[in-house]
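Basis for what follows: all heavy atoms, side chains included, without hydrogens, waters or symmetry-related copies.
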Amino acid sequence: MIEGVLKHCTSMEVEKNYVDSHGQSEVAFAFCHLLGFQLMPRLKAINSQKLYRPDSGMSDAYPNLQPILTRPINWELIRQQYDQMMKYATALRLGTAETEAILKRFTRSNLKHPTYQALSELGKVIKTIFLCDYLDSEEIRREINEGLNVVENWNSANGFIFYGKGGEISTNRLEDQEVAVLSLHLLQNCLVYINTLMIQSVLSEKKWMDMMTPEDLRALSPLIYSHVNPYGIFKLDMMERIQIEEMMYF
């Protein structure tokens, strides 16, 4: 998820990233915050989430939230490891180190790593704030759902055009995997380019453009594929016959 945001290869400035439940973690919340964008997950098991107390000595505060409140945040740990956290976040942002290599240091196999513990603690802070906003605002929940619908529509388009061998990369050879992914990228670019030209052609006619509402224009997308026949068109003319020369078999 972080790799995709940092290396999207466009001039777009990413402010929010919508993910499903498996695309979020406390460490991910921390890194996204340090990198300057919001992680916006759609949480499946929302009933099992916990909120962390902002400080100690508040056990009686927020009486209506007692069932979902847990321990206070360890702010001192975050302060102690702040420079280290910023060092790793800067390395991610500038690409001075491989993203995968850095993030591998902060998995559950390194629970005792002090920077991991601080990132996890910072993630608890950001996630608690997000959960409060998520539960309070129906608008945010709708926004996340709409954002994910775009991604899921694109994933379904990828599955549609990458239909060879069931849409799976069925080899362990790196060279073959790269060829398959590059082929998929080529198909993606062709699909988006042709769809964009077709939409522009239709909307260049005034009668169609005048029918478009602001909501229609907002929903315009080149990520459509229901009009595509991935297998080609075979024309059958029953009035013609294949000219096959008579052959003698011995």
Side-chain angles (χ1 to χ4, degrees), residues 1-24 28 32 35-44 93 95 99-100 134 138-171 173-237:
M1 176 272 297
I2 291 178
E3 178 87 359
V5 173
L6 294 176
K7 298 180 180 180
H8 52 78
C9 300
T10 72
S11 58
M12 175 177 59
E13 293 185 7
V14 178
E15 297 179 353
K16 299 177 181 179
N17 192 28
Y18 305 105
V19 297
D20 273 319
S21 293
H22 62 273
Q24 60 84 32
C32 291
L35 291 168
F37 63 91
Q38 287 181 271
L39 183 60
M40 307 285 282
R42 179 172 58 190
L43 297 168
K44 184 177 181 181
R93 182 172 57 83
T99 304
E100 184 179 0
Y134 185 86
E138 181 180 352
E139 182 179 348
I140 289 178
R141 297 195 295 272
R142 287 182 176 274
E143 175 189 343
I144 294 173
N145 190 63
E146 290 175 0
L148 283 175
N149 283 343
V150 173
V151 176
E152 289 170 358
N153 178 58
W154 185 224
N155 287 338
S156 64
N158 288 334
F160 177 77
I161 62 178
F162 194 45
Y163 62 89
K165 296 184 178 180
E168 296 181 356
I169 299 177
S170 56
T171 176
R173 294 184 57 193
L174 181 60
E175 295 82 2
D176 292 341
Q177 292 176 356
E178 289 179 345
V179 169
V181 173
L182 288 171
S183 299
L184 176 59
H185 287 172
L186 179 60
L187 289 172
Q188 290 172 343
N189 292 336
C190 292
L191 178 67
V192 171
Y193 179 63
I194 293 299
N195 284 344
T196 300
L197 293 179
M198 291 172 63
I199 293 172
Q200 286 178 343
S201 177
V202 171
L203 295 183
S204 64
E205 298 184 26
K206 189 175 184 302
K207 66 175 183 178
W208 295 113
M209 189 63 191
D210 290 343
M211 295 173 62
M212 299 293 289
T213 66
E215 194 70 13
D216 293 330
L217 291 172
R218 189 178 70 85
L220 273 180
S221 170
L223 308 181
I224 53 177
Y225 58 91
S226 59
H227 59 296
V228 177
N229 179 357
Y231 303 102
I233 299 175
F234 300 89
K235 295 182 178 180
L236 179 63
D237 189 344

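In this structure, the side chains of Tyr225 and Ser156 come closer than 4.5 Å at one or more pairs of heavy atoms. Between Asp20 and Lys44 the shortest side-chain heavy-atom distance does not fall below 4.5 Å. You'll find the side chain of Met211 stays beyond 4.5 Å of the side chain of Asp216, heavy atoms only. A 4.5 Å side-chain heavy-atom check between Leu187 and Cys190 finds every atom pair outside the cut-off.
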Please test Glu215 against Arg218 for salt bridge (charged side-chain N to carboxylate O under 4.0 Å, His left out), starting from the C-alpha separation and ending with a verdict. CA-CA 5 Å; Glu215 194 70 13; Arg218 189 178 70 85; 2.8 Å; yes
Applying side chain to side chain contact (heavy atoms under 4.5 Å, CB included) to Asn145 and Asn149, what does each step give before you reach the verdict? CA-CA 6 Å; Asn145 190 63; Asn149 283 343; 3.6 Å; yes
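Between the CD1 atom in Ile224 and the CG atom in Asn153 there is a gap of 9.5 Å [rounded to 0.5 Å].
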Would you be so kind as to tabulate the donor-acceptor pairs closer than 3.5 Å made by side chains of residues 198-210, with sequence neighbours excluded?
residue, atom, partner, partner atom, Å
Ser204, OG, Ser201, O, 2.6
Lys206, NZ, Asp210, OD2, 2.7

Determine all donor-acceptor pairs shorter than 3.5 Å in which one atom belongs to a side chain in residues 175-186; sequence neighbours excluded.
residue, atom, partner, partner atom, Å
Gln177, NE2, Thr171, O, 2.9
Ser183, OG, Val179, O, 2.8

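Taking Tyr18 as the reference, nothing meets the ring-ring contact (aromatic ring centres under 6.0 Å, His included) condition, with sequence neighbours excluded. Residues meeting the side chain to side chain donor-acceptor pair (under 3.5 Å) test with Asn195, sequence neighbours left out: His227. Contacts of Tyr193 classified as ring-ring contact (aromatic ring centres under 6.0 Å, His included), with partners at least two apart in sequence or in another chain: none. In this structure, Phe37 has no ring-ring contact (aromatic ring centres under 6.0 Å, His included) partners at least two apart in sequence or on a different chain.
Of all heavy-atom pairs between Arg93 and Leu35, the closest is CB-CD2, 3.8 Å. Taking all atoms of both residues into account, the shortest heavy-atom contact from Pro41 to Ile144 is O-CD1, 3.6 Å. Of all the heavy atoms in Val192 and Thr196, the pair that sits closest is O-OG1, 2.7 Å.
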